[in-house]
Amino acid sequence: MANSRSWTQTWPCFVKLGVLNLVLVFKITALGDVSGSVTAENTCKNTNYQSFLPPPYQNMSQMICTPVWHTYELRYFQNGDTTTIILSAPYTIGWVGIGFSRDGMMVGSSAMVGWITKHGHANMKQFYLRGRKSSEVKIDKGELPLNNIPSAVATNGAEIHMAFQLQMTTPFQKQPILLAFGSKYPQNHHLSKHEDKTAIVFDFSAGSTGPVSRELIQMRTNHGILAIIGWGLILPVGAIIARYFRHKDPLWFYLHAIIQFVGFTFGLGTVILGLQLYSKMQVHIPAHRGIGIFALVLSILQVLALFLRPNKDSKIRKFWNWYHSWFGRMALVFAAINIVLGMQAAGAGSDWKIGYGFVFGIMVVAAIVLEILAYLKRSEMRSLPPNFQLDPVGGATFPRGM
């Protein structure tokens with residue numbers, strides 16, 4: 001094991017390495033913010049709504065229009081506590097929906113869905129998306145405060161136009177919005193599965209959404225990548241080295257310190273990106289946010305412990321060892337749980353789940369194999385004759401327990 005003097009001579013190198021890695025992390029973090037100052041061009045079509053929509057949706061002079069997704073256009077006007085919204089989208093058959101969410105997720109959101117039947121009858125209903133199954137999508141339910149003005153839906157050429165008014169106690173500002181469409185007609189008002197969908201954050205106070213959406217998607221992707229690399233890969237590798245390779249003294253110590261410091265900077269970058277996402281989207285995922293901050297606090301305590309490491313002959317060294325090992329394990333367990341919660345909250349695809357599952361599986365299998373080898377080695381040593389001379393270094397080769 002490295003003595004205090006050698007550690008005093010080498011810790012500045014770890015600090016320099018950590019600073020360089022922090023610069024790299026902040027550059028990755030900045031990727032999600034490069035488009036924040038860009039504003040979307042207003043390229044909405046000049047549509048005459050007086051020919052096919054009833055009042056009060058005919059007067060478009062005061063409405064703000066913004067392209068939102070593909071050729072979808074969102075028009076809105078806020079007057080006091082009344083918000084008027086018109087969604088225009090390409091249409092042939094099936095249904096088109098616009099949902100309003102608290103956290104950008106489908107589950108728990110309320111949506112306005114419009115369609116034209118085979119017989120030419122226009123329909124628009126509010127749905128509450130209680131779950132992902134078709135049976136959990138409830139018609140004429142939801143939290144959208146529709147006022148007494150009837151909603152309207154009509155086609156004009158190859159487009160469908162959905163208009164409705166909301167009676168808002170607090171006007172929209174930055175609001176997560178879901179857009180989706182299906183190619184089949186609703187049967188008995190039951191929606192078929194969507195063909196495509198997207199989630200954006202629409203700024204009703206500024207009327208822009210395109211760059212904001214791309215920014216948030218990039219930030220969320222970087223957040224997940226940093227979490228899996230830092231918490232899911234680098235930090236577990238450092239912990240495995242500390243537990244199973246102590247016979248490579250003092251190499252194991254330097255490797256453990258460097259790897260954990262690099263992993264800590266990745267973890268710090270993950271939390272910074274998460275806080276940025278929270279400030280921009282105002283998503284309410286208290287469990288994911290709370291566990292992430294708790295894991296970061298545990299990792300900060302681990303870094304402080306590295307600098308406050310007592311001499312190996314000190315009386316308090318065993319308490320320091322207990323504190324350092326168990327706090328580190330707690331941080332890794334909570335981080336693994338939080339990665340899963342994050343993927344679930346973001347609706348991550350199978351490639352993310354398979355990728356993290358592979359990384360997690362490799363870590364678990366490696367730990368199990370090394371633990372079995374350590375157990376066999378301890379059993380072999382216990383079976384040796386009492387007068388057999390053991391190498392004092394070899395006796396500390398394998399851990400004695402979890």
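All of these numbers come straight from a predicted model, not from anything done at the bench.
In the displayed structure, F319 atom CZ is contacted under 6.0 Å by at most 12 heavy atoms of other residues, nucleotides or ligands. Remark: F360 CZ is loosely packed, at most 12 non-hydrogen atoms of other residues, nucleotides or ligands lying under 6.0 Å away.
Considering every non-hydrogen atom in both L341 and A287, the closest pair reads CD1-CB, 4.5 Å. S183 approaches E195 most closely through the heavy-atom pair OG-OE2, 2.9 Å. F266 and G230 make their closest contact through CB-CA, 3.6 Å (heavy atoms, listed as atom of the first residue, atom of the second, distance). Contact record, S151 with M124: CB-CE, 3.2 Å, taken as the closest heavy-atom pair. Of all the heavy atoms in M363 and P236, the pair that sits closest is SD-CB, 3.7 Å. L53 and A152 get closest at one heavy-atom pair: CD2-CB, 4.2 Å.
Here the side chains of I149 and P56 are in contact, with some heavy-atom distance below 4.5 Å. When side chains are defined from C-beta on, M112 counts as touching L146, because their heavy atoms get closer than 4.5 Å. Residues N338 and F294 form no side-chain contact, since every pair of their non-hydrogen atoms from C-beta on lies 4.5 Å or further apart. Between R317 and N311 the shortest side-chain heavy-atom distance does not fall below 4.5 Å. Within the 4.5 Å cutoff, side-chain heavy atoms of E371 are placed close to those of Y244. Using a 4.5 Å heavy-atom threshold, the side chains of I228 and W352 count as touching. Looking at K141 and R130, their side chains never come closer than 4.5 Å, going by heavy atoms from C-beta outward. You'll find the side chain of Y356 reaches within 4.5 Å of the side chain of I339, heavy atoms only.
Here the CG atom belonging to L332 is positioned 11.5 Å from the CD1 atom belonging to I337, to the nearest 0.5 angstrom. Note that NE2 of H223 and CG of L275 are 9.0 Å apart. Values are rounded to the nearest 0.5 Å. To the nearest 0.5 Å, atoms CE (M168) and CD (Q78) are separated by 7.5 Å. Note that CZ of F245 and CG of L251 are 10.5 Å apart. Values are rounded to the nearest 0.5 Å. Here the CZ-CD distance, from F307 to Q302, works out to 13.0 Å after rounding to the nearest 0.5 Å. Note that CG of N147 and CD of Q165 are 4.5 Å apart. Values are rounded to the nearest 0.5 Å.
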Run F264 and I234 through side chain to side chain contact (heavy atoms under 4.5 Å, CB included) and show every step you take. CA-CA 9 Å; F264 168 75; I234 298 177; over 6 Å; no
Given side chain to side chain contact (heavy atoms under 4.5 Å, CB included), test L235 with Q260 step by step and report yes or no. CA-CA 6 Å; L235 290 173; Q260 298 306 80; 3.8 Å; yes
Please test I177 against L74 for side chain to side chain contact (heavy atoms under 4.5 Å, CB included), starting from the C-alpha separation and ending with a verdict. CA-CA 11 Å; I177 286 179; L74 184 62; 4.1 Å; yes
Under the side chain to side chain contact (heavy atoms under 4.5 Å, CB included) rule, what do H324 and L301 come out as? Steps first, then yes or no, please. CA-CA 9 Å; H324 186 61; L301 292 176; over 6 Å; no
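The backbone N or O of A305 lies less than 3.5 Å from no partner atom in the side chain of R309, so there is not a single donor-acceptor pair. In this structure, the side chain of H194 does not engage the main chain of F181 through any donor-acceptor pair within 3.5 Å. At distances below 3.5 Å, at least one donor-acceptor pair connects side-chain atoms of T270 with backbone N or O atoms of A227. A donor-acceptor pair under 3.5 Å links the side-chain atoms of Q126 to the main chain of E143, judged by distance alone.
The side chain to side chain donor-acceptor pair (under 3.5 Å) search around D81 returns Q167, not counting sequence neighbours.
Taking the six-membered ring where the residue is Trp, F204 and F202 present perpendicular rings, their angle passing 60° and hence far from 30°.
Ring centers of F172 and Y76: at least 6.0 Å apart, outside the cut-off.
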Which pairs of donor and acceptor atoms, one on a side chain in residues 85-101, lie under 3.5 Å apart (sequence neighbours left out)?
residue	atom	partner	partner atom	Å
S88	OG	Y49	OH	2.7
S88	OG	H161	ND1	2.8
Y91	OH	G94	O	2.7
Y91	OH	I116	N	3.1
Y91	OH	I116	O	3.4
W95	NE1	S192	OG	3.2
S101	OG	D103	N	3.2
S101	OG	D103	OD1	3.2
S101	OG	G104	N	3.0
S101	OG	M105	N	3.2
S101	OG	M105	O	2.9

